[in-house]
Amino acid sequence: MPQPTVDRSAAYEALLRDLLDLVGTTSPTTDDKSIRSAWRHHTRRGLGKALADHADTGPVPETWFEPFVRAMVHEPDPSLTRQLVEPAIIAFGRRRVQRALIALLDADVPADIAGAARAWYWTQARLSYEWRRFRTPEPDDDTEREDLKDLRQQYRHTALRRFVTVDDLDMRRCILPGLSLNPERYPDDMHHLVTQAIRIARTSSDDYLRHRVGIQIPP
């Protein structure tokens with residue numbers, strides 16, 4: 001996926017710093033270009049320690065939820081968003097995290113919509129062992145996915161509407177890879193939106209959107 005056209009790195013670094021403070025991990029001291037990488041590493045390690053510490057003392061503080069969500073939505077690298085999504089799921093539950101992302105998807109800030117779409121992908125993935133070991137008792141992943149069918153449908157419908165109605169390149173780039181373009185997955189009154197989404201992607205001036213829709217719906 002191409003790099004975002006909107007630079008939110010300063011806000012993201014501030015969010016990571018706040019999250020580190022919340023979980024009780026000292027921010028690494030570095031002034032070089034790898035500062036975000038260092039902060040991600042320390043955040044990940046700090047979250048793991050915090051979850052382990054709270055395994056015997058009860059749930060993590062409620063005040064952690066919003067910073068978790070804001071940080072994962074601001075993370076610019078889709079492959080690294082998982083490092084924030086998985087501990088959030090362990091701490092607060094997959095349903096709650098998904099509902100928060102759907103709410104942001106339906107908000108008015110295109111950059112937040114794009115970030116919510118990037119994070120959503122990882123809310124559907126199986127938890128890696130690193131985070132699964134903090135979950136006790138451990139639910140069956142397939143059963144959990146079945147219980148979340150309503151939210152997957154809500155996300156799908158919301159994502160399609162936003163793709164069609166919000167003219168923002170970053171947002172469309174982030175939504176399209178996970179967007180079903182099969183009309184049969186939508187109610188009859190949304191079929192025209194599927195047609196519009198395909199047309200928008202195929203006629204876009206953006207190479208990525210044209211390439212991506214060609215993979216999902218071969219010409």
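Residues: numbered from 1 along the sequence shown.
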Restricting to non-hydrogen atoms, name the atom on [X] and the atom on [Y] that form the minimum distance, rounded to 0.1 Å.
X    : Y    : answer
V85  : A119 : CG2-O, 3.9 Å
L105 : A159 : CD2-N, 3.6 Å
W120 : L151 : CH2-O, 3.7 Å
L22  : T63  : CD1-O, 4.1 Å
A116 : L101 : CB-O, 3.5 Å
C174 : A114 : CB-O, 3.6 Å

With a 4.5 Å cut-off on side-chain heavy atoms, are [Y] and [X] touching?
X    : Y    : result
R172 : D167 : yes
D18  : P67  : no
P78  : Y121 : no
D168 : I113 : no
F65  : V97  : yes
D106 : Q154 : no
L148 : T123 : no
R70  : D112 : yes

Near [X] [atom1], under 6.0 Å, is it more than 12 heavy atoms from other residues, nucleotides or ligands?
X    : atom1 : result
R210 : CZ    : yes
R99  : CZ    : no
N182 : CG    : yes

Please report the interatomic distance [atom1]([X]) to [atom2]([Y]), rounded to the nearest 0.5 Å.
X    : Y    : atom1 : atom2 : answer
E86  : M72  : CD    : CE    : 10.5 Å
L84  : I89  : CG    : CD1   : 11.5 Å
E75  : L80  : CD    : CG    : 5.0 Å
H157 : Q153 : NE2   : CD    : 4.0 Å

Note to self: Check D170 with R118, please: is the shortest side-chain N to carboxylate O separation under 4.0 Å?
What the structure shows: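 Judged by the 4.0 Å cut-off on N to carboxylate O distance, R118 and D170 do not form a salt bridge.
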
Does [X] share a hydrophobic cluster with [Y], counting links as ILVMFWY side-chain heavy atoms below 4.5 Å and allowing steps through other members?
X    : Y    : result
V166 : I200 : yes
L104 : I175 : yes
V6   : V109 : no

Checklist line | Residue list, side-chain hydrogen bond (donor to acceptor under 3.5 Å, both in side chains) with Q216, at least two apart or on another chain | finding: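 side-chain hydrogen bond (donor to acceptor under 3.5 Å, both in side chains) check on Q216 returns R212.
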
Check: Under the side chain to side chain contact (heavy atoms under 4.5 Å, CB included) criterion, do V73 and R8 qualify, and how do the steps go?
Finding: CA-CA 11 Å; V73 167; R8 301 206 294 179; 3.9 Å; yes

Next item on the list: Please step through side chain to side chain contact (heavy atoms under 4.5 Å, CB included) for the pair V164 and R161, ending with a clear verdict.
Entry: CA-CA 5 Å; V164 170; R161 288 197 302 269; over 6 Å; no

Notebook entry, point to check: Taking the inter-plane angle between the rings of F92 and F68 on a 0 to 90° scale, is it parallel (under 30°), tilted (30 to 60°) or perpendicular (over 60°)?
Noted result: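 F92 and F68: perpendicular rings.
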
Next item on the list: Take D206 and S204, measure what side-chain hydrogen bond (donor to acceptor under 3.5 Å, both in side chains) needs, and give me the verdict at the end.
Entry: CA-CA 5 Å; D206 182 59; S204 173; 5.1 Å; no

Notebook entry, point to check: Can you tell which of L193, D188, V194 makes a side chain to side chain contact (heavy atoms under 4.5 Å, CB included) with M190?
Noted result: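 Result for side chain to side chain contact (heavy atoms under 4.5 Å, CB included) with M190: L193.
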
Checklist line | Residue from R94, R95, R96 passing side chain to side chain contact (heavy atoms under 4.5 Å, CB included) with Q98 | finding: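 Of all the options given, the one that passes is R94.
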
Notebook entry, point to check: Does the Y186 side chain pair with the main chain of S180, one donor and one acceptor, at a distance under 3.5 Å?
Noted result: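 Side chain of Y186 to backbone of S180, a donor-acceptor pair under 3.5 Å: yes, one is there.
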
